[in-house]
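Written out below as C-alpha cells is the structure these notes cover.
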2 protein chains.
Amino acid sequence: MLSSENTGVPARTVERLVLYRRLLNGLTEQGVEFIHSHEIAEKANNSAAQVRRDLMAIGYTGNPARGYAVNDLVRSINGLFEQKRDQKAALVGIGKLGRAILGYFALRQARPRIVAAFDSDPAKGQGEFAGCPCYPVDALTSVIARDGITVGILTVPADFAQPVTDLMLVAGVRGILNFAPTPLKTPAWAVVDNVDIATKLEKVAFFC
Amino acid sequence: MLSSENTGVPARTVERLVLYRRLLNGLTEQGVEFIHSHEIAEKANNSAAQVRRDLMAIGYTGNPARGYAVNDLVRSINGLFEQKRDQKAALVGIGKLGRAILGYFALRQARPRIVAAFDSDPAKGQGEFAGCPCYPVDALTSVIARDGITVGILTVPADFAQPVTDLMLVAGVRGILNFAPTPLKTPAWAVVDNVDIATKLEKVAFFC
DNA sequence: GTCTGATTGTGAAATGATTCACAATGTGAA
DNA sequence: TTCACATTGTGAATCATTTCACAATCAGAC
Ligand SMILES: NC(=O)c1ccc[n+]([C@@H]2O[C@H](COP(=O)([O-])OP(=O)(O)OC[C@H]3O[C@@H](n4cnc5c(N)ncnc54)[C@H](O)[C@@H]3O)[C@@H](O)[C@H]2O)c1
Ligand SMILES: NC(=O)c1ccc[n+]([C@@H]2O[C@H](COP(=O)([O-])OP(=O)(O)OC[C@H]3O[C@@H](n4cnc5c(N)ncnc54)[C@H](O)[C@@H]3O)[C@@H](O)[C@H]2O)c1
C-alpha cells in the first residue's frame with residue numbers, strides 16, 4: 001500500500017514536493033527569482049535539511065550562493081509528475097462530501113482531473129455536477145474502461161466501500177483515495193490512501 | 001507538531017487504536033467474545049505483530065489461548081480517551097466541506113462533539129446547521145472561551161487559515177484539524193494536523 | 001494431572017525517516 | 001584576482017516505526 005517501488009521517491013517526499021511547488025507558485029511573478037532551503041522550510045514548517053533532502057530525491061541541484069532558481073525548481077517538480085500528467089480520476093458517491101470535493105477540483109482544474117462521477121441514487125447519477133458528468137453506478141465499469149480512468153475517489157457509505165472498490169479495480173483503476181472509514185482489501189499492486197477524518201479529529205483531541 | 005509527549009502513546013498507534021475500536025464495535029452483539037491479534041490485523045489490513053505492539057502501548061493484556069476479550073479491549077481503548085472525553089470542538093468555515101463535516105459528525109454524535117460553527121458570511125453565521133449553532137466570526141473568541149472549546153476544525157479558504165488560527169489559539173483552542181492547503185504557524189504547544197486532500201490525490205496518482 | 005499446540009508479550013533486529021555536521025562550492029566584495 | 005562567507009549536497013548519526021523470533025503462557029484434550 002502506497003510504497004515507493006515506483007520511482008524511488010518516498011511517499012512522504014512526494015507529498016512535501018507538492019507542497020513546495022504550491023508555496024513557490026506565483027513567487028516569480030512577485031519578483032522572487034531565487035530561494036534558499038531555509039526559506040522554503042520556513043514556509044513549509046519544516047527544516048532546511050529536510051528540504052534539501054527532498055530536492056536531492058528528484059536530483060534537483062541548487063547553487064551554494066544563490067540558492068534554488070524558483071522557476072526551474074517548479075519545472076523540476078512538475079517533471080516528476082510528467083508521466084502521470086494526463087491521468088484521469090473518477091469519484092464514486094455524490095453525497096455531501098463527494099460534492100464538496102467535486103466542486104473543489106472542478107474549480108481549480110487540479111490534477112488528476114475528475115472526469116466522471118457515479119452514484120447509486122438515480123437522481124444523482126445523471127446530468128452533471130460542477131461540470132463533471134454523472135452516471136449511475138451500473139455504468140461504472142464501462143465508463144472507467146472507456147475513458148481510461150486510473151484513479152478513484154471513494155465517498156460512498158462505509159458498507160459500500162469494498163464492493164465499489166472491487167468494481168473499480170476490475171474496471172482499470174489502480175489507485176484509490178478512500179474517505180470511507182473502512183480498510184480496503186485490495187491486491188498488492190493497487191495504491192490506496194485513506195483519509196479518515198473522524199479518526200484524525202479524535203487524534204488531535206487526544207493530543208491536546 | 002502532533003508529538004506524543006502527552007502520554008507516551010505514539011500518534012500512529014492512537015490512530016490505529018481508534019480503528020481497532022471501530023472494527024470491534026458490534027462484534028460482541030454478533031456473539032464474538034474473543035479475538036486474536038491476527039484476526040484484528042486481517043480486518044485492519046496490518047500485521048498481527050503490529051496489533052500486539054499497539055495493544056502493548058496501552059498496557060492491555062490478552063490471553064495466550066483465548067486471545068483478547070472484545071468487550072474488555074474496547075473498554076480499554078476507551079479508557080485511553082477517558083480524560084479527553086468531554087472535549088468540545090468548533091468548526092470555522094461553513095462552506096461546502098464544512099457543511100459536509102458538520103452533517104457527518106452531528107449524525108454520528110462522534111467525539112469530540114462539534115458544538116459551534118463560525119462563518120464570516122452573515123448569511124451562514126446565524127441560526128444552526130445540522131443541529132449545531134452557527135455564529136459570525138466576530139463571536140469566535142467569546143464563544144470558544146465561553147463554551148470551553150479546545151479543538152478547532154478549519155475549513156476556510158487558504159488565505160484566512162492563518163488569521164483564523166491565530167484567533168482560535170488566543171481564544172483557548174489547543175488543537176486544530178486543518179483542511180486548508182496552508183502550513184499553519186503555531187506555537188510549539190499547539191497540536192496541528194493537516195488534511196490536504198489535493199496533495200493526497202496527487203500522491204495516489206503519482207504512485208499508480 | 002500432564003501434555004500439546006497455538007498465541008501472547010516483548011527484547012532485538014531491520015527498516016525507514018529525519019537531523020547533524022561538514023567539505024565543496026559559487027558569488028559578491030575588496 | 002583573491003578572499004571570505006553563507007549555502008549546498010551528502011555521508012553518517014540519530015530517532016522512529018515495524019517486523020522478527022522466541023520464551024512464557026494458558027485452555028483444552030487425553
Ligand atoms: N461527510 C464527512 O465529513 C465525512 C467525514 C468522515 C467520513 N466520511 C465518509 O465519507 C463517505 C461519504 O460521506 P457523506 O457524508 O458524503 O455521505 P452521503 O450519504 O452524503 O453520501 C454518500 C453517497 O453515496 C451514494 N451511494 C451509496 N451507495 C452507493 C454505491 N453503491 N455506489 C455509488 N454511490 C453510492 C449515496 O447515494 C450518496 O449520494 C462515507 O463513507 C463517510 O463515512 C464523510
Ligand atoms: N471542498 C473540498 O473538497 C476541498 C478540498 C481540498 C481542500 N479544501 C480546502 O478546504 C477549505 C474549504 O473549502 P470549501 O470547498 O468548503 O470552500 P467554500 O468556499 O465552500 O467554504 C469556505 C467558507 O469559509 C467562509 N469564510 C471565509 N473567510 C472566513 C473567515 N475569515 N472566517 C470564517 N469563515 C470564513 C466562507 O464564507 C465559506 O462559507 C479551503 O481552504 C479549501 O482549500 C477543500
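Keep in mind the model is a prediction, meaning the values are calculated, not measured. The chains referred to below are lettered A, B, ... by the order of the sequence lines, with proteins before strands, and numbering in each begins at 1.
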*Under 4.0 Å between a side-chain N or O of H36(B) and OP1 or OP2 of dA6(C)?*
no

*Please give, in whole Å, the distance from dT8(C) C1' to I35(B) CD1?*
15 Å

*asked:* Taking the minimum atom-to-atom distance to the side chain of M56(B), which one of dT19(D), dG9(C), dT18(C) wins?
replied: dG9(C)

*Would you please confirm or rule out a distance under 4.0 Å between OP1 or OP2 of dG26(C) and any side-chain N or O of Y68(A)?*
no

*With heavy atoms under 4.0 Å as the rule, sort T61(B) into base, sugar-phosphate or nothing.*
sugar-phosphate

*Please check the phosphate of dC20(D) (OP1 and OP2 only) for any side-chain N or O of R52(B) closer than 4.0 Å.*
no

*Under 4.0 Å between a Lys/Arg side-chain N and an Asp/Glu carboxylate O for K200(B) and D193(A)?*
yes

*Which nucleotide in the list dT19(D), dT18(C), dT27(C) gets nearest to the side chain of R53(B)?*
dT19(D)

*asked:* So, OP1 or OP2 of dT25(C): does either fall under 4.0 Å of a side-chain N or O from R66(A)?
replied: no

*Taking N46(B) for the side chain and V51(B) for the main chain, is one N or O donor matched with an acceptor at less than 3.5 Å?*
no

*Is any side-chain N or O of N63(A) closer than 4.0 Å to OP1 or OP2 of dT27(C)?*
yes

_For T155(A) versus G98(A), what's the shortest heavy-atom pair and its separation?_
OG1-CA, 3.6 Å

*So, D166(A) and Q162(A): side-chain donor and acceptor under 3.5 Å apart, yes or no?*
yes

*Can you tell me if the side-chain N/O atoms of S37(A) get under 4.0 Å from OP1 or OP2 in dT7(D)?*
no

